[in-house]
Number of protein chains: 2
Amino acid sequence: MARPPSPLLSVEAIVDAALVLVDETGDFSFPKVARRIGVSQSALYNRIDNREHIIELMRGRLFSDQVIPPLEGLPWDEALRVLVRAYRDGFAEHPRLVPLLVSQTVQDLGVVGLYENIAITLERAGLEQAHIGPAIATIDYLALGAALELTAPAVVWSPPAGEFPALHRATALSESVEQRAEAAFAFGLDVLVAGVRVKASHNFF
Amino acid sequence: MARPPSPLLSVEAIVDAALVLVDETGDFSFPKVARRIGVSQSALYNRIDNREHIIELMRGRLFSDQVIPPLEGLPWDEALRVLVRAYRDGFAEHPRLVPLLVSQTVQDLGVVGLYENIAITLERAGLEQAHIGPAIATIDYLALGAALELTAPAVVWSPPAGEFPALHRATALSESVEQRAEAAFAFGLDVLVAGVRVKASHNFF
DNA sequence: ACCTGAACACCGTTCAAGT
DNA sequence: ACCTGAACACCGTTCAAGT
(Lines give C-alpha, C1' and ligand atoms only; values in the text may rest on other atoms or scores of the structure.)
Protein backbone atom coordinates (compact mmCIF):
# COMPACT_ATOMS: atom_id res chain seq x y z
CA MET A 1 0.00 0.00 0.00
CA ALA A 2 1.33 3.41 -0.89
CA ARG A 3 -1.44 5.73 -1.94
CA PRO A 4 -4.84 4.51 -0.80
CA PRO A 5 -7.95 5.49 -2.82
CA SER A 6 -9.40 7.36 0.15
CA PRO A 7 -7.06 8.89 2.77
CA LEU A 8 -6.37 6.82 5.86
CA LEU A 9 -5.60 9.86 7.90
CA SER A 10 -7.25 13.11 9.01
CA VAL A 11 -6.32 15.97 11.30
CA GLU A 12 -9.31 15.06 13.42
CA ALA A 13 -8.09 11.49 13.88
CA ILE A 14 -4.65 12.72 14.93
CA VAL A 15 -6.06 15.14 17.51
CA ASP A 16 -8.46 12.48 18.78
CA ALA A 17 -5.69 9.95 19.28
CA ALA A 18 -3.32 12.45 20.88
CA LEU A 19 -6.02 13.63 23.29
CA VAL A 20 -6.84 10.07 24.35
CA LEU A 21 -3.15 9.45 25.04
CA VAL A 22 -2.79 12.66 27.04
CA ASP A 23 -5.89 11.85 29.08
CA GLU A 24 -4.60 8.37 29.82
CA THR A 25 -0.89 8.91 30.28
CA GLY A 26 -0.27 12.67 30.56
CA ASP A 27 1.69 12.79 27.31
CA PHE A 28 1.67 11.73 23.66
CA SER A 29 4.24 10.83 21.03
CA PHE A 30 4.30 10.43 17.27
CA PRO A 31 4.91 6.67 17.37
CA LYS A 32 2.01 6.13 19.76
CA VAL A 33 -0.41 8.35 17.86
CA ALA A 34 0.51 6.61 14.61
CA ARG A 35 0.17 3.13 16.08
CA ARG A 36 -3.24 3.99 17.52
CA ILE A 37 -4.51 5.12 14.12
CA GLY A 38 -2.82 2.27 12.29
CA VAL A 39 -0.55 4.31 10.08
CA SER A 40 3.17 4.90 9.84
CA GLN A 41 4.80 7.54 12.00
CA SER A 42 5.97 9.69 9.12
CA ALA A 43 2.50 9.79 7.57
CA LEU A 44 1.42 12.19 10.32
CA TYR A 45 3.51 14.91 8.70
CA ASN A 46 1.14 14.96 5.74
CA ARG A 47 -1.51 16.56 7.97
CA ILE A 48 0.37 18.46 10.65
CA ASP A 49 3.55 20.51 10.85
CA ASN A 50 5.14 19.28 14.07
CA ARG A 51 4.53 18.45 17.71
CA GLU A 52 3.64 22.01 18.70
CA HIS A 53 1.00 22.06 16.00
CA ILE A 54 -0.74 19.03 17.49
CA ILE A 55 -0.72 20.66 20.93
CA GLU A 56 -2.25 23.82 19.51
CA LEU A 57 -4.97 21.78 17.78
CA MET A 58 -5.75 20.08 21.10
CA ARG A 59 -6.07 23.48 22.78
CA GLY A 60 -8.58 24.49 20.13
CA ARG A 61 -10.57 21.32 20.74
CA LEU A 62 -11.03 22.24 24.41
CA PHE A 63 -13.17 25.23 23.60
CA SER A 64 -14.62 24.40 20.18
CA ASP A 65 -17.68 22.56 21.45
CA GLN A 66 -18.38 24.88 24.35
CA VAL A 67 -21.78 26.52 24.61
CA ILE A 68 -21.74 29.87 26.36
CA PRO A 69 -25.19 30.82 27.65
CA PRO A 70 -26.48 34.32 26.78
CA LEU A 71 -25.08 37.02 29.03
CA GLU A 72 -27.27 39.99 28.13
CA GLY A 73 -29.64 39.91 31.09
CA LEU A 74 -26.95 39.31 33.68
CA PRO A 75 -25.20 41.87 35.88
CA TRP A 76 -21.46 42.04 35.20
CA ASP A 77 -20.41 39.97 38.18
CA GLU A 78 -22.72 37.11 37.26
CA ALA A 79 -21.58 37.29 33.64
CA LEU A 80 -17.95 37.25 34.74
CA ARG A 81 -18.54 34.18 36.86
CA VAL A 82 -20.16 32.36 33.96
CA LEU A 83 -17.29 33.18 31.60
CA VAL A 84 -14.46 32.34 33.96
CA ARG A 85 -16.18 29.08 34.88
CA ALA A 86 -16.58 28.22 31.22
CA TYR A 87 -12.89 28.94 30.70
CA ARG A 88 -11.88 26.78 33.63
CA ASP A 89 -14.26 23.99 32.60
CA GLY A 90 -12.64 23.91 29.16
CA PHE A 91 -9.29 23.08 30.73
CA ALA A 92 -10.80 20.82 33.36
CA GLU A 93 -12.17 18.41 30.76
CA HIS A 94 -8.61 17.43 29.88
CA PRO A 95 -6.56 18.51 32.90
CA ARG A 96 -3.48 16.50 31.91
CA LEU A 97 -3.25 18.55 28.76
CA VAL A 98 -2.67 21.76 30.73
CA PRO A 99 1.04 21.18 31.48
CA LEU A 100 1.64 20.84 27.74
CA LEU A 101 -0.20 24.11 27.07
CA VAL A 102 1.55 26.40 29.52
CA SER A 103 4.85 26.59 27.66
CA GLN A 104 3.22 27.52 24.39
CA THR A 105 1.50 30.69 23.15
CA VAL A 106 -2.19 30.85 22.39
CA GLN A 107 -2.94 30.80 18.68
CA ASP A 108 -6.43 29.38 18.60
CA LEU A 109 -9.18 31.83 17.63
CA GLY A 110 -11.96 30.19 19.61
CA VAL A 111 -10.06 30.98 22.78
CA VAL A 112 -9.60 34.58 21.69
CA GLY A 113 -13.39 34.88 21.37
CA LEU A 114 -13.75 33.90 25.01
CA TYR A 115 -11.14 36.53 25.96
CA GLU A 116 -13.15 39.14 24.05
CA ASN A 117 -16.28 38.33 26.06
CA ILE A 118 -14.33 38.63 29.29
CA ALA A 119 -12.90 41.98 28.20
CA ILE A 120 -16.39 43.29 27.41
CA THR A 121 -17.66 42.16 30.80
CA LEU A 122 -14.77 43.84 32.61
CA GLU A 123 -15.54 47.07 30.77
CA ARG A 124 -19.15 46.75 31.94
CA ALA A 125 -17.83 46.32 35.48
CA GLY A 126 -16.35 49.80 35.19
CA LEU A 127 -12.73 48.69 35.31
CA GLU A 128 -10.40 51.28 33.85
CA GLN A 129 -8.82 50.43 30.50
CA ALA A 130 -5.29 49.94 31.86
CA HIS A 131 -6.53 47.27 34.26
CA ILE A 132 -8.37 45.09 31.78
CA GLY A 133 -5.29 43.40 30.35
CA PRO A 134 -3.91 42.60 33.80
CA ALA A 135 -7.34 41.37 34.90
CA ILE A 136 -7.52 38.96 31.97
CA ALA A 137 -4.05 37.70 32.79
CA THR A 138 -5.10 37.13 36.40
CA ILE A 139 -8.14 35.20 35.22
CA ASP A 140 -5.85 33.14 33.03
CA TYR A 141 -3.67 32.21 35.98
CA LEU A 142 -6.71 31.26 38.04
CA ALA A 143 -8.28 29.07 35.37
CA LEU A 144 -5.03 27.36 34.42
CA GLY A 145 -4.01 26.84 38.02
CA ALA A 146 -7.36 25.41 39.04
CA ALA A 147 -7.16 22.93 36.15
CA LEU A 148 -3.58 22.00 37.03
CA GLU A 149 -4.74 21.25 40.55
CA LEU A 150 -6.83 18.42 39.12
CA THR A 151 -3.67 16.63 37.98
CA ALA A 152 -2.03 16.87 41.40
CA PRO A 153 -1.90 13.87 43.72
CA ALA A 154 -4.24 13.69 46.70
CA VAL A 155 -1.86 15.21 49.24
CA VAL A 156 0.06 18.24 48.06
CA TRP A 157 2.30 19.52 50.81
CA SER A 158 1.89 16.91 53.53
CA PRO A 159 3.42 19.23 56.15
CA PRO A 160 5.25 17.59 59.08
CA ALA A 161 2.66 18.13 61.81
CA GLY A 162 4.81 19.72 64.51
CA GLU A 163 6.95 21.99 62.41
CA PHE A 164 4.26 23.72 60.38
CA PRO A 165 1.20 24.10 62.61
CA ALA A 166 -0.76 26.67 60.57
CA LEU A 167 -0.26 24.70 57.38
CA HIS A 168 -1.22 21.53 59.18
CA ARG A 169 -4.47 23.12 60.36
CA ALA A 170 -5.21 24.38 56.85
CA THR A 171 -4.72 20.98 55.21
CA ALA A 172 -6.31 18.94 57.99
CA LEU A 173 -9.74 19.20 56.35
CA SER A 174 -8.60 17.12 53.43
CA GLU A 175 -10.98 16.06 50.71
CA SER A 176 -10.78 14.51 47.28
CA VAL A 177 -8.73 16.16 44.55
CA GLU A 178 -11.88 17.31 42.79
CA GLN A 179 -13.34 18.87 45.94
CA ARG A 180 -10.07 20.58 46.74
CA ALA A 181 -9.71 21.94 43.21
CA GLU A 182 -13.30 23.17 43.17
CA ALA A 183 -12.94 24.84 46.59
CA ALA A 184 -9.76 26.60 45.47
CA PHE A 185 -11.34 27.75 42.23
CA ALA A 186 -14.53 28.94 43.96
CA PHE A 187 -12.49 30.90 46.48
CA GLY A 188 -10.32 32.40 43.74
CA LEU A 189 -13.39 33.40 41.77
CA ASP A 190 -15.00 35.06 44.80
CA VAL A 191 -11.77 36.92 45.49
CA LEU A 192 -11.56 37.97 41.86
CA VAL A 193 -15.09 39.35 41.72
CA ALA A 194 -14.72 41.14 45.04
CA GLY A 195 -11.36 42.55 44.01
CA VAL A 196 -12.60 43.76 40.62
CA ARG A 197 -15.53 45.46 42.38
CA VAL A 198 -13.17 47.31 44.71
CA LYS A 199 -10.83 48.26 41.83
CA ALA A 200 -13.72 49.50 39.70
CA SER A 201 -15.20 51.59 42.50
CA HIS A 202 -11.97 53.60 42.69
CA ASN A 203 -12.92 55.12 39.36
CA PHE A 204 -15.85 56.89 40.94
CA PHE A 205 -13.81 59.03 43.30
CA MET B 1 40.35 7.14 34.67
CA ALA B 2 37.82 5.14 36.64
CA ARG B 3 37.78 6.18 40.26
CA PRO B 4 39.38 9.57 40.80
CA PRO B 5 40.99 10.37 44.18
CA SER B 6 38.54 13.21 44.79
CA PRO B 7 35.07 13.06 43.22
CA LEU B 8 34.60 14.88 39.93
CA LEU B 9 30.94 15.33 40.53
CA SER B 10 28.59 16.89 43.07
CA VAL B 11 24.85 17.42 43.36
CA GLU B 12 25.51 21.12 43.39
CA ALA B 13 27.40 20.99 40.09
CA ILE B 14 24.57 19.03 38.47
CA VAL B 15 21.91 21.50 39.62
CA ASP B 16 24.09 24.44 38.55
CA ALA B 17 24.59 23.05 35.07
CA ALA B 18 20.93 22.10 34.64
CA LEU B 19 19.78 25.55 35.77
CA VAL B 20 22.10 27.30 33.32
CA LEU B 21 20.75 25.13 30.51
CA VAL B 22 17.15 25.84 31.49
CA ASP B 23 17.80 29.57 31.67
CA GLU B 24 19.44 29.55 28.25
CA THR B 25 17.33 27.07 26.33
CA GLY B 26 14.19 26.37 28.35
CA ASP B 27 15.12 22.73 28.92
CA PHE B 28 17.94 20.42 30.00
CA SER B 29 19.05 16.87 29.25
CA PHE B 30 21.42 14.36 30.78
CA PRO B 31 23.89 14.42 27.87
CA LYS B 32 24.08 18.22 27.97
CA VAL B 33 24.45 18.44 31.74
CA ALA B 34 27.19 15.79 31.65
CA ARG B 35 29.05 17.46 28.79
CA ARG B 36 28.96 20.80 30.57
CA ILE B 37 30.52 19.31 33.70
CA GLY B 38 32.94 17.18 31.73
CA VAL B 39 31.80 13.79 32.91
CA SER B 40 30.04 10.85 31.34
CA GLN B 41 26.27 10.79 31.15
CA SER B 42 25.85 7.73 33.34
CA ALA B 43 27.98 9.23 36.10
CA LEU B 44 25.12 11.57 36.97
CA TYR B 45 23.23 8.62 38.41
CA ASN B 46 25.75 8.36 41.23
CA ARG B 47 24.36 11.61 42.68
CA ILE B 48 20.76 11.81 41.59
CA ASP B 49 17.92 9.38 41.09
CA ASN B 50 16.41 10.53 37.82
CA ARG B 51 15.23 13.52 35.81
CA GLU B 52 12.41 14.40 38.23
CA HIS B 53 14.91 14.52 41.04
CA ILE B 54 16.99 17.15 39.25
CA ILE B 55 13.88 19.26 38.66
CA GLU B 56 12.95 19.04 42.33
CA LEU B 57 16.48 20.11 43.32
CA MET B 58 16.19 23.11 41.02
CA ARG B 59 12.89 24.08 42.66
CA GLY B 60 14.62 24.01 46.02
CA ARG B 61 17.38 26.25 44.69
CA LEU B 62 14.83 28.94 43.80
CA PHE B 63 13.96 29.59 47.42
CA SER B 64 17.02 28.43 49.33
CA ASP B 65 18.88 31.73 49.20
CA GLN B 66 15.84 33.92 49.73
CA VAL B 67 15.83 36.37 52.61
CA ILE B 68 12.40 37.12 53.96
CA PRO B 69 12.34 40.38 55.93
CA PRO B 70 10.79 40.31 59.44
CA LEU B 71 7.00 40.46 59.36
CA GLU B 72 6.19 41.08 63.03
CA GLY B 73 5.50 44.80 62.87
CA LEU B 74 3.45 44.65 59.70
CA PRO B 75 -0.34 44.54 59.37
CA TRP B 76 -1.55 41.32 57.74
CA ASP B 77 -2.12 42.84 54.32
CA GLU B 78 1.40 44.26 54.13
CA ALA B 79 2.85 40.97 55.33
CA LEU B 80 0.83 39.06 52.75
CA ARG B 81 2.10 41.32 50.00
CA VAL B 82 5.71 40.76 51.08
CA LEU B 83 5.31 36.98 51.16
CA VAL B 84 3.48 36.62 47.88
CA ARG B 85 6.01 38.90 46.20
CA ALA B 86 8.86 36.82 47.62
CA TYR B 87 7.18 33.69 46.28
CA ARG B 88 6.72 35.20 42.84
CA ASP B 89 10.26 36.57 42.80
CA GLY B 90 11.61 33.11 43.50
CA PHE B 91 10.02 31.81 40.32
CA ALA B 92 10.80 34.96 38.37
CA GLU B 93 14.54 34.49 38.76
CA HIS B 94 14.35 31.41 36.54
CA PRO B 95 11.06 31.81 34.67
CA ARG B 96 11.87 29.17 32.07
CA LEU B 97 12.04 26.62 34.86
CA VAL B 98 8.38 27.14 35.72
CA PRO B 99 6.92 25.00 32.89
CA LEU B 100 9.03 22.09 34.15
CA LEU B 101 7.74 22.59 37.70
CA VAL B 102 4.01 22.67 37.05
CA SER B 103 3.62 19.00 36.24
CA GLN B 104 5.41 17.86 39.38
CA THR B 105 4.48 17.91 43.08
CA VAL B 106 6.25 20.07 45.63
CA GLN B 107 8.65 18.10 47.82
CA ASP B 108 11.12 20.77 48.84
CA LEU B 109 10.93 21.84 52.48
CA GLY B 110 12.12 25.42 51.97
CA VAL B 111 9.02 26.04 49.90
CA VAL B 112 6.84 24.52 52.59
CA GLY B 113 8.26 27.04 55.07
CA LEU B 114 7.08 29.86 52.85
CA TYR B 115 3.62 28.28 52.72
CA GLU B 116 3.58 28.14 56.52
CA ASN B 117 4.25 31.86 56.73
CA ILE B 118 1.47 32.58 54.29
CA ALA B 119 -0.94 30.37 56.27
CA ILE B 120 -0.08 32.24 59.49
CA THR B 121 -0.66 35.58 57.81
CA LEU B 122 -4.02 34.48 56.44
CA GLU B 123 -5.06 33.40 59.94
CA ARG B 124 -4.07 36.85 61.17
CA ALA B 125 -6.24 38.35 58.45
CA GLY B 126 -9.19 36.62 60.08
CA LEU B 127 -9.88 34.20 57.26
CA GLU B 128 -11.87 31.20 58.40
CA GLN B 129 -9.98 27.90 58.56
CA ALA B 130 -11.76 26.30 55.60
CA HIS B 131 -10.69 29.15 53.33
CA ILE B 132 -6.97 29.09 54.08
CA GLY B 133 -6.16 26.09 51.91
CA PRO B 134 -8.07 27.52 48.94
CA ALA B 135 -6.42 30.90 49.50
CA ILE B 136 -2.95 29.37 49.39
CA ALA B 137 -3.86 27.56 46.20
CA THR B 138 -5.06 30.82 44.67
CA ILE B 139 -1.78 32.48 45.64
CA ASP B 140 0.04 29.60 44.04
CA TYR B 141 -1.79 30.11 40.77
CA LEU B 142 -1.06 33.83 40.83
CA ALA B 143 2.67 33.46 41.52
CA LEU B 144 3.16 30.65 39.00
CA GLY B 145 1.13 32.40 36.34
CA ALA B 146 2.92 35.70 36.77
CA ALA B 147 6.26 33.93 36.39
CA LEU B 148 5.04 32.02 33.33
CA GLU B 149 4.07 35.34 31.77
CA LEU B 150 7.77 36.24 31.73
CA THR B 151 8.47 33.38 29.31
CA ALA B 152 5.73 34.47 26.92
CA PRO B 153 6.56 36.31 23.71
CA ALA B 154 5.94 40.04 23.45
CA VAL B 155 2.45 39.85 21.96
CA VAL B 156 0.18 37.24 23.46
CA TRP B 157 -3.19 37.30 21.77
CA SER B 158 -2.62 39.75 18.92
CA PRO B 159 -6.38 40.12 18.37
CA PRO B 160 -7.52 40.95 14.82
CA ALA B 161 -8.42 44.62 15.29
CA GLY B 162 -11.94 44.68 13.84
CA GLU B 163 -13.29 41.43 15.18
CA PHE B 164 -12.36 41.80 18.85
CA PRO B 165 -12.69 45.49 19.74
CA ALA B 166 -12.66 45.22 23.54
CA LEU B 167 -9.63 42.95 23.49
CA HIS B 168 -7.95 45.27 21.02
CA ARG B 169 -8.51 48.23 23.35
CA ALA B 170 -7.17 46.26 26.30
CA THR B 171 -3.97 45.20 24.54
CA ALA B 172 -3.39 48.50 22.73
CA LEU B 173 -1.34 49.87 25.61
CA SER B 174 1.38 47.33 25.00
CA GLU B 175 4.62 47.37 26.91
CA SER B 176 7.60 45.10 27.40
CA VAL B 177 7.13 41.56 28.68
CA GLU B 178 8.50 42.55 32.08
CA GLN B 179 6.17 45.52 32.42
CA ARG B 180 3.18 43.47 31.35
CA ALA B 181 4.03 40.66 33.75
CA GLU B 182 4.55 43.08 36.62
CA ALA B 183 1.29 44.92 35.88
CA ALA B 184 -0.61 41.65 35.83
CA PHE B 185 0.97 40.46 39.06
CA ALA B 186 0.40 43.81 40.79
CA PHE B 187 -3.25 43.76 39.76
CA GLY B 188 -3.67 40.16 40.87
CA LEU B 189 -2.08 40.94 44.22
CA ASP B 190 -4.37 43.95 44.76
CA VAL B 191 -7.37 41.83 43.89
CA LEU B 192 -6.18 39.09 46.23
CA VAL B 193 -5.73 41.41 49.20
CA ALA B 194 -9.05 43.16 48.58
CA GLY B 195 -10.81 39.83 48.16
CA VAL B 196 -9.31 38.30 51.29
CA ARG B 197 -10.39 41.40 53.22
CA VAL B 198 -13.97 41.00 52.02
CA LYS B 199 -13.96 37.26 52.75
CA ALA B 200 -12.53 37.77 56.24
CA SER B 201 -15.04 40.48 57.12
CA HIS B 202 -17.88 37.99 56.57
CA ASN B 203 -16.76 36.26 59.74
CA PHE B 204 -17.78 39.25 61.81
CA PHE B 205 -21.47 39.04 60.94
C1' DA C 1 -1.63 13.46 -3.23
C1' DC C 2 -0.71 10.18 0.22
C1' DC C 3 1.61 6.62 2.23
C1' DT C 4 5.93 3.44 3.79
C1' DG C 5 10.50 2.47 5.47
C1' DA C 6 14.93 3.78 6.46
C1' DA C 7 17.81 7.13 8.36
C1' DC C 8 19.47 10.73 11.62
C1' DA C 9 20.26 13.08 15.76
C1' DC C 10 18.52 13.12 19.87
C1' DC C 11 16.53 11.36 24.63
C1' DG C 12 16.51 8.68 29.93
C1' DT C 13 18.07 4.70 32.28
C1' DT C 14 20.65 0.36 33.30
C1' DC C 15 24.59 -2.31 33.90
C1' DA C 16 28.99 -4.73 33.43
C1' DA C 17 33.59 -3.41 33.83
C1' DG C 18 37.39 -0.95 35.73
C1' DT C 19 40.14 1.16 39.89
C1' DA D 1 32.91 4.52 46.15
C1' DC D 2 33.04 6.55 41.75
C1' DC D 3 33.62 6.65 37.07
C1' DT D 4 33.39 4.92 31.77
C1' DG D 5 31.38 2.84 27.74
C1' DA D 6 28.14 0.12 25.66
C1' DA D 7 23.50 -1.10 25.38
C1' DC D 8 18.42 -0.58 25.28
C1' DA D 9 14.06 1.35 24.38
C1' DC D 10 12.40 5.36 23.37
C1' DC D 11 11.85 10.25 20.99
C1' DG D 12 10.86 14.13 16.62
C1' DT D 13 11.84 15.04 11.91
C1' DT D 14 13.42 14.34 7.06
C1' DC D 15 13.49 12.18 2.78
C1' DA D 16 13.77 8.93 -1.06
C1' DA D 17 10.78 5.68 -2.95
C1' DG D 18 6.43 3.86 -4.34
C1' DT D 19 1.51 4.36 -6.46
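Since this is a predicted model, take the numbers as computed values, not measurements. Residue numbers begin at 1 in each chain, while the letters A, B, ... track the order of the sequences.
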> Using a cut-off of strictly less than 4.0 Å between a heavy atom of the residue and any atom of DNA chain C, enumerate the qualifying residues of residues 27-35 of chain B by number.
F28(B), S29(B), F30(B), P31(B), K32(B)
> Kindly say whether F30(A) contributes a backbone atom to a donor-acceptor pair with the side chain of R51(A) at under 3.5 angstrom?
no
> Looking at E56(A) and R59(A), does any basic side-chain N land under 4.0 Å from a carboxylate oxygen?
yes
> Name all pairs fulfilling the salt bridge (charged side-chain N to carboxylate O under 4.0 Å, His left out) condition that reach into residues 13-22 of chain B, sequence neighbours left out, sorted by first residue then second.
D16(B)-R61(B)
> Kindly indicate, with the supporting measurements, whether the criterion salt bridge (charged side-chain N to carboxylate O under 4.0 Å, His left out) is fulfilled by E182(A) and R88(A).
CA-CA 10 Å; E182(A) 170 57 29; R88(A) 200 278 305 243; 3.0 Å; yes
> Using a strict 4.0 Å threshold on nitrogen-to-oxygen distance, state whether E72(A) and R124(A) make a salt bridge.
no
> Mind checking what makes salt bridge (Lys or Arg N to Asp or Glu O under 4.0 Å) contact with R197(B), not counting sequence neighbours?
D77(B)
> Using heavy atoms and a sub-4.0 Å distance, could you list which residues of residues 38-48 of chain A are near DNA chain D? By number, please.
Q41(A), S42(A), Y45(A)
> Could you give all pairs that pass the side-chain hydrogen bond (donor to acceptor under 3.5 Å, both in side chains) test and reach residues 28-41 of chain A, with sequence neighbours left out?
S40(A)-S42(A)
> In whole Å, I'd like the distance from the CD1 atom of I54(A) to the C1' atom of dG12(D).
10 Å
> Taking CZ from R51(B) and P from dT13(C), how many angstroms apart are they, rounded to a whole number?
8 Å
> For E12(B), I'd like to know if atom CD has over 12 heavy atoms of other residues, nucleotides or ligands within 6.0 Å.
no
> If every non-hydrogen atom of P134(A) is compared with every non-hydrogen atom of F187(B), which pair is closest and at what distance?
CB-CB, 3.6 Å
> Dot-bracket, DNA chain D: Watson-Crick or G-U, under 3.5 angstrom, [ ] crossing, | other strand?
||.|||||...|||||.||
> Looking at E128(A), E116(A), E123(A), which hits salt bridge (charged side-chain N to carboxylate O under 4.0 Å, His left out) with R169(B)?
E123(A)
> To the nearest Å, how far apart are I55(A) CD1 and dG12(D) C1'?
12 Å
